[in-house]
Structure formats: C-alpha cells, structure tokens
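The structure appears below as structure tokens.
This is a predicted model, so every value here is computed, not measured. Chain letters run A, B, ... following the sequence lines, proteins first and then strands; every chain starts at 1.
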2 protein chains.
Amino acid sequence: MNIERRSTGSRRASAALVSRAERLCHDQNLRFTPMRRRVLAELAASPEPLTAYDLADRVREEKRVAPVTVYRALEFLLDAKLIHRIVIRNAYTACDHAPHHDATPVFLVCTRCGTVEEVPSEAFQRDLSETIAEAGFRPKSRVFEIEGECAKCHAAP
Amino acid sequence: MNIERRSTGSRRASAALVSRAERLCHDQNLRFTPMRRRVLAELAASPEPLTAYDLADRVREEKRVAPVTVYRALEFLLDAKLIHRIVIRNAYTACDHAPHHDATPVFLVCTRCGTVEEVPSEAFQRDLSETIAEAGFRPKSRVFEIEGECAKCHAAP
DNA sequence: AGATAAAATGATATAACATAACAGTCAACG
DNA sequence: CGTTGACTGTTATGTTATATCATTTTATCT
C-alpha cells in the first residue's frame, strides 16, 4: 500500500486526504463544512505544520476570516482525529494515517526543513504503560514529539 | 517544616534543590544570580508547574520585574538542566532528579491536581531509537508528556 | 584601584498564539 | 414554515514569548 507516504519533500495527495475525510464525516454524521474542508485542504497541501494564523492568512486570500474561525475548524478536525497538533511548534498537521488509530504516534520534526514525519509506535507505548501503571497514573492523552534533522536535511550540504 | 507540598507524596525540599543548583553552577563556572536563584526557588516550592507570568507575579511581590527577565532566568535554568519545560502547559518545573540525566524523562501531568511526576525512562527511549534510526532521523530533543489523573486524584471523591 | 570587556538586568514595545462573548446565519426536521 | 441547534462572523481581550536598546553588575587585567 503506497498511500500518501508523506515525508520530507514528497507531496501529499491533498485531494485524497480531503475526500477520505469527507467520507469519514458523512459516515459519522459530522458536518464537513466548507471552512473545515478548506482548513484541512491547506494542512494536507502543506509539507510542514501550519499555525492557526498561517491558516488564517491562506484562507484570507479567498475570503475574509478571523483567527477564531480557524481555531474552531481546527478543534473540529482534532476531535475527528483528522489532524494532529504539534505542540512544540504550536502548529497543526494533517493526519497521515488512517483515522481511528488509538495509539498516539511519534512525530519526527525536522529543525531544518520543518517537515513532520508521523511514526505509529504501538510497541513503544506498550513498554511505557507498565511504568505508568506502577505509578497508579491514568493516562488520558500523550505528547511524544522529537526534534532533530531528517535524513534528507542531514544528507544535504 | 520548610518541606513544600508536592502532592504525589514525594515532597521536594526547595532549599536543598536550590543549594544543589548553587554547587552545580559553581562547579561549572555558571553565574547563579539572585534572579535565577529566586526563579528556581519559586519553581521548587510549587507543587505544580508555573508559567513565566506566574513566576513574574510571585517575584514581583518582592521586587518589580518584567516578564522578559523571568524568561531569561528560565532560559538559563533550562540550559543548565535545572528545570524542565512542560510544553503542554506552557509552564516550567524544577528538575526532581539529579542533573545531567541525558535521557529526557517522561512527565505525568495530572489533569485534576496539576502536579507533575517526572519518570526517568531509559529503556523506553532505547526501544524508540531503532525506529528513529530507521528513518534516518537525527534526534536533538524530545518531548514526551502524558496527561491523565494521578493516583491520588483518582482515589479521591 | 581604574580600565574595560562580557554578562546580566531593566524598560518598553510588540509579536505570536488562543479564547470569550454575543450576534447573525443556515440547515435539518417536525 | 417556524423552531431548534449547529455553525460562522465580529469584536475584544487574554496569554505566552521575543526584539531592541539602555543601563548596571561582574570578572579580569594591568
């Protein structure tokens, strides 16, 4: 299966991602409005994560929009698990993998080119859950993000 | 007496933490100035992470201070590995363990009481590094944070 | 001690990220 | 066709972080 394997440089099939989202929303009786579609399309088309204000600027080229409107669209897309928030960048990125993955993926964020690679990592989390269980801690959400140089950037001059 | 509340039971001795920091800075020829000492002391005394503006407010009770001054102290303390940044809270917390730990710890952040437990997790990272190496990615820094309810809060009504 | 260079802090302004509150609009459904 | 609830618009403000330049403090050398 060679679905949109995004990584450094490679373009994402934005249209495919958006129509997948459309089907998913339809199936779950969620409203995939023009604004939500537009925001997701911008994220899917971008090789790197975008901030809410980045998104507002891009949408604004077509239609006047306030940041809060973008934030609302982002909130919806996050809830629908169609996008991820990259906390170390205060930015957002379209979800590369099929939705409904329970395990929070690891994100490899390149400090040079800014791209993000999404690495599913179930085993990784299984190991950790022992430690967490020992502490009696009940996890609700996780943030695992790694900064560094991606292979492409490291090879480059 | 002057043991500060830190609700996971592992209370921190603020004074001990500060004097440890003092020794460490002296050994490394770093300047442990009054402002840096004060900021670290506030963090060490707090059961939960504090934002830069929280810190500014607390320091301000004694002496007028601008946020940027606090940010500079935080930057120094982060570089010296005396504190951690909790990105999912935009806040900072004193480092519980001996300094010089290379492996980034996992932080268990309680959504109810707000406390943070710092869990060193070397094994955890060893597993992950294979995946990362396969991607040709050269990690520089990592963020592993987990939100949930701590044991105390979960037991409480 | 005085000169001086580097580091730290003060002061002000502004950038960047995010939410509150309320009014208006649109779509679904009885 | 009118009510309801979800979505969006608008304005304002809150929160987190950095830029810039002036001033003070500290370390070091002579």
Side-chain angles (χ1 to χ4, degrees), chain A residues 21-22 25-26 28-43 46 48-60 62-80 82-93 109 114 143 145, chain B residues 21-22 25-43 46 48-80 82-93 109 114 143 145:
Chain A
E22 180 149 37
C25 289
H26 181 266
Q28 301 188 336
N29 266 320
L30 300 174
R31 311 224 304 232
F32 196 57
T33 65
M35 180 61 71
R36 291 165 180 179
R37 166 190 298 272
R38 179 66 197 274
V39 168
L40 179 62
E42 290 292 351
L43 288 177
S46 173
E48 55 193 77
L50 300 176
T51 68
Y53 281 73
D54 289 340
L55 285 162
D57 289 343
R58 295 182 188 210
V59 173
R60 211 170 275 134
E62 176 189 308
K63 174 183 188 299
R64 177 182 158 82
V65 65
V68 67
T69 302
V70 173
Y71 277 106
R72 286 190 282 228
L74 290 170
E75 187 182 11
F76 171 86
L77 296 168
L78 285 169
D79 287 348
L82 292 166
I83 65 173
H84 298 288
R85 177 163 145 77
I86 307 299
V87 294
I88 61 179
R89 289 285 180 274
N90 295 317
Y92 305 83
T93 192
V109 182
V143 176
E145 304 192 359
Chain B
E22 181 149 36
C25 288
H26 181 266
D27 293 350
Q28 302 188 334
N29 266 321
L30 300 174
R31 292 206 214 156
F32 196 56
T33 65
M35 179 61 71
R36 292 165 180 178
R37 167 191 296 272
R38 180 66 199 274
V39 167
L40 179 62
E42 291 291 351
L43 289 176
S46 172
E48 55 193 78
L50 299 175
T51 68
Y53 283 75
D54 289 341
L55 285 162
D57 288 343
R58 294 181 189 211
V59 173
R60 210 170 276 135
E61 295 186 355
E62 175 189 307
K63 174 183 189 300
R64 177 181 158 83
V65 65
V68 67
T69 302
V70 173
Y71 277 105
R72 286 190 281 228
L74 290 170
E75 187 182 10
F76 170 87
L77 295 169
L78 286 168
D79 287 348
L82 292 167
I83 64 172
H84 298 288
R85 176 162 144 78
I86 306 298
V87 294
I88 60 178
R89 290 284 180 274
N90 294 318
Y92 305 83
T93 192
V109 182
V143 175
E145 304 193 0

>> Does A/Ala52 reach a base, just sugar-phosphate, or nothing at all? Heavy atoms under 4.0 Å.
In response: nothing
>> Any non-hydrogen side-chain atom of A/Leu30 less than 4.5 Å from a side-chain atom of A/Asp79?
In response: no
>> Of the listed nucleotides (D/dT10, D/dA17, D/dT16), which one gets closest to any side-chain atom of A/Arg72?
In response: D/dT10
>> Looking only at the side chain of B/Thr33 (C-beta and beyond, no hydrogens), which of the listed nucleotides D/dC7, D/dA19, C/dA8 gets closest?
In response: C/dA8
>> By nearest atom, which of the nucleotides D/dT11, D/dT8, C/dG10 is closest to the B/Lys63 side chain?
In response: C/dG10
>> Does B/Arg89 reach a base, just sugar-phosphate, or nothing at all? Heavy atoms under 4.0 Å.
In response: nothing
> Atom CD in A/Glu145, atom CZ in A/Arg89: separation rounded to 0.5 Å?
Replying inline: 9.0 Å
> If you find the nucleotide of DNA chain D closest to B/Arg31 and the one closest to A/Met35, which residue's nucleotide is nearer the 5' end?
Replying inline: A/Met35
>> Taking any heavy-atom pair under 4.0 Å as a contact, classify A/Tyr92: base, sugar-phosphate, or nothing.
In response: sugar-phosphate
> With a 4.0 Å cut-off on heavy atoms, is B/Arg64 in touch with a base, just the backbone sugar-phosphate, or nothing at all?
Replying inline: sugar-phosphate
>> Stacking between B/Tyr53 and D/dT15, defined as ring centres under 5.5 angstrom apart with planes under 30°, is that present or not?
In response: no
>> I'd like to know if A/Arg38 pairs up with A/Glu62 as an ion pair, taking the criterion as any Lys NZ or Arg NE/NH1/NH2 lying under 4.0 Å from an Asp or Glu carboxylate oxygen.
In response: yes
